[in-house]
Amino acid sequence: MIIAIDGPAASGKGTLARRLAAHYRLPHLDTGLLYRGVGRIMLDRGFPLDNVEIAQAIAENLDLADLDAEKLRTRDTGEAASVVAAHGPVRQALLALQRTFASQTGGAVLDGRDIATVIAPDAEAKLFITASPEERARRRFRELVGRGELADTADSYQAVLADIAKRDARDSGRADAPLIVAPGAVVIDTTDLAIEPAFAAALAAVEAALR
Ligand SMILES: Nc1ncnc2c1ncn2[C@@H]1O[C@H](COP(=O)(O)OP(=O)(O)O)[C@@H](O)[C@H]1O
Ligand SMILES: Nc1ccn([C@@H]2O[C@H](COP(=O)(O)OP(=O)(O)O)[C@@H](O)[C@H]2O)c(=O)n1
């Protein structure tokens with residue numbers, strides 16, 4: 001069984017993907033890490049993010065085993081990821097790896113922006129996880145403050161809210177694999193749902209898709 005989970009930044013899709021993977025004992029791939037990995041290398045080496053050829057070459061040589069999720073969760077990496085993710089050749093370079101992961105025997109859970117539309121359109125279960133921009137910014141803000149990356153001030157919350165709005169616009173507005181609700185996907189709005197009830201809703205949607 002393939003479970004495809006898409007949604008905007010900080011909607012809780014990764015949390016639900018990990019919980020569903022544990023529940024069904026399936027391997028999980030956070031596909032955002034791939035784009036974050038490319039973005040991080042571009043930043044570390046001082047390459048302009050709009051250099052498509054370099055970003056493509058980095059994507060072609062990306063090794064899943066080298067991706068350090070903790071290091072890739074920073075604010076600037078998320079922003080860089082969304083810039084390089086808009087380059088078609090970068091997406092193309094990361095396609096085979098994701099399709100191979102999705103098609104492994106026994107199934108898999110993948111989360112990202114284009115899982116149900118491009119990577120695994122035949123997935124048995126498709127979820128689109130969302131929440132209001134303000135709630136998503138609150139979640140991301142708490143995460144960044146908790147890690148000591150941001151000061152706990154109203155100004156830094158506003159900066160995170162602006163980041164979220166910019167990333168939503170870029171991810172939804174790009175020509176190649178924009179973030180959309182795939183046909184047949186179940187939309188779960190977690191604005192007013194804590195993690196447990198959100199997981200219960202996600203599990204119910206997967207069970208319904210399997211019937
Ligand atoms: N339903 C929820 N209610 C409150 N906080 C949540 C909820 N789902 C996730 N979170 C928290 O919000 C942050 C972002 O969640 P995450 O799953 O990483 O989102 P995404 O993968 O969509 O970026 C994390 O700190 C997570 O613990
Ligand atoms: N399948 C995917 C996953 C991520 N991405 C891009 O990578 C960026 C970072 O993704 P992420 O899932 O790690 O970001 P968060 O939702 O955790 O903030 C997104 O803003 C997208 O631009 C994508 O284009 N396609």
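Only this structure's heavy atoms are used, side chains among them; waters, hydrogens and symmetry mates stay out. In each ligand, atom 1 is the first atom listed, and ligand 1 is the first ligand listed. The shown structure was predicted, so the numbers you read here are calculated from the model rather than taken from an experiment.
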Which residue holds the protein heavy atom closest to atom 21 (O) of ligand 1, what is that atom called, and what is the gap in Å?
Gly14 N, 2.9 Å

With nothing but distance in play, are any N or O atoms of Asp30 less than 3.5 Å from an N or O of ligand 2?
no

How far is atom 7 (C) of ligand 1 from its nearest protein heavy atom, and which residue and atom is that?
Ile195 CG1, 3.4 Å

When you compare ligand 1 with Arg18, is there at least one nitrogen or oxygen pair between them that comes in under 3.5 angstrom?
no

Can you report which non-hydrogen protein atom sits closest to atom 2 (C) of ligand 2, along with the distance?
Arg113 N, 3.3 Å

Looking at ligand 2, is there an atom of it that comes within less than 4.0 Å of some heavy atom belonging to Gly14?
no

So which heavy atom in the protein is nearest atom 6 (C) of ligand 2, and how far is it from that ligand atom?
Ala85 CB, 3.6 Å

Heavy-atom nearest neighbour in the protein, as seen from atom 20 (P) of ligand 1, with distance rounded to 0.1 Å:
Lys13 NZ, 3.4 Å

Heavy-atom side-chain proximity of Ile2 to Lys126 below 4.5 angstrom
no

Would you mind telling me if ligand 2 is within reach of the side chain of Arg36, the backbone, both or neither, using heavy atoms under 4.0 Å?
side chain

Ala194 heavy atom under 4.0 Å from ligand 1:
yes

Between ligand 2 and Asp111, is the shortest N or O to N or O distance under 3.5 Å?
no

Between Glu143 and ligand 1, which part of the residue brings a heavy atom under 4.0 Å of the ligand: side chain, backbone, both or neither?
side chain

Minimum-distance protein heavy atom relative to atom 1 (N) of ligand 1
Leu193 O, 2.8 Å

Does Arg73 have a heavy atom less than 4.0 Å from any atom of ligand 2?
no

When distances are taken from atom 11 (C) of ligand 1, the protein heavy atom at minimum range is Arg139 CD, 4.2 Å

For atom 19 (O) of ligand 1, what's the nearest protein heavy atom and its distance?
Gly12 N, 3.2 Å

By number and element, which atoms of ligand 2 are closer than 4.0 Å to a non-hydrogen atom of Asp114?
1 (N), 2 (C), 25 (N)

So if I count the atoms of ligand 1 from 1 in the order they appear, which ones are less than 4.0 Å from some heavy atom of Arg140?
23 (O)

Using a 3.5 Å cut-off on N or O atoms only, is Gln98 in polar contact with ligand 2?
no

What is the nearest protein non-hydrogen atom to atom 17 (O) of ligand 2, stated with its residue, atom name and distance?
Arg140 NH2, 3.4 Å

For atom 9 (C) of ligand 1, state which one of Asp6, Thr15, Ile5 supplies the nearest heavy atom.
Thr15

Could you grab the distance from atom CD of Glu134 to atom OH of Tyr157, nearest 0.5 Å is fine?
5.5 Å

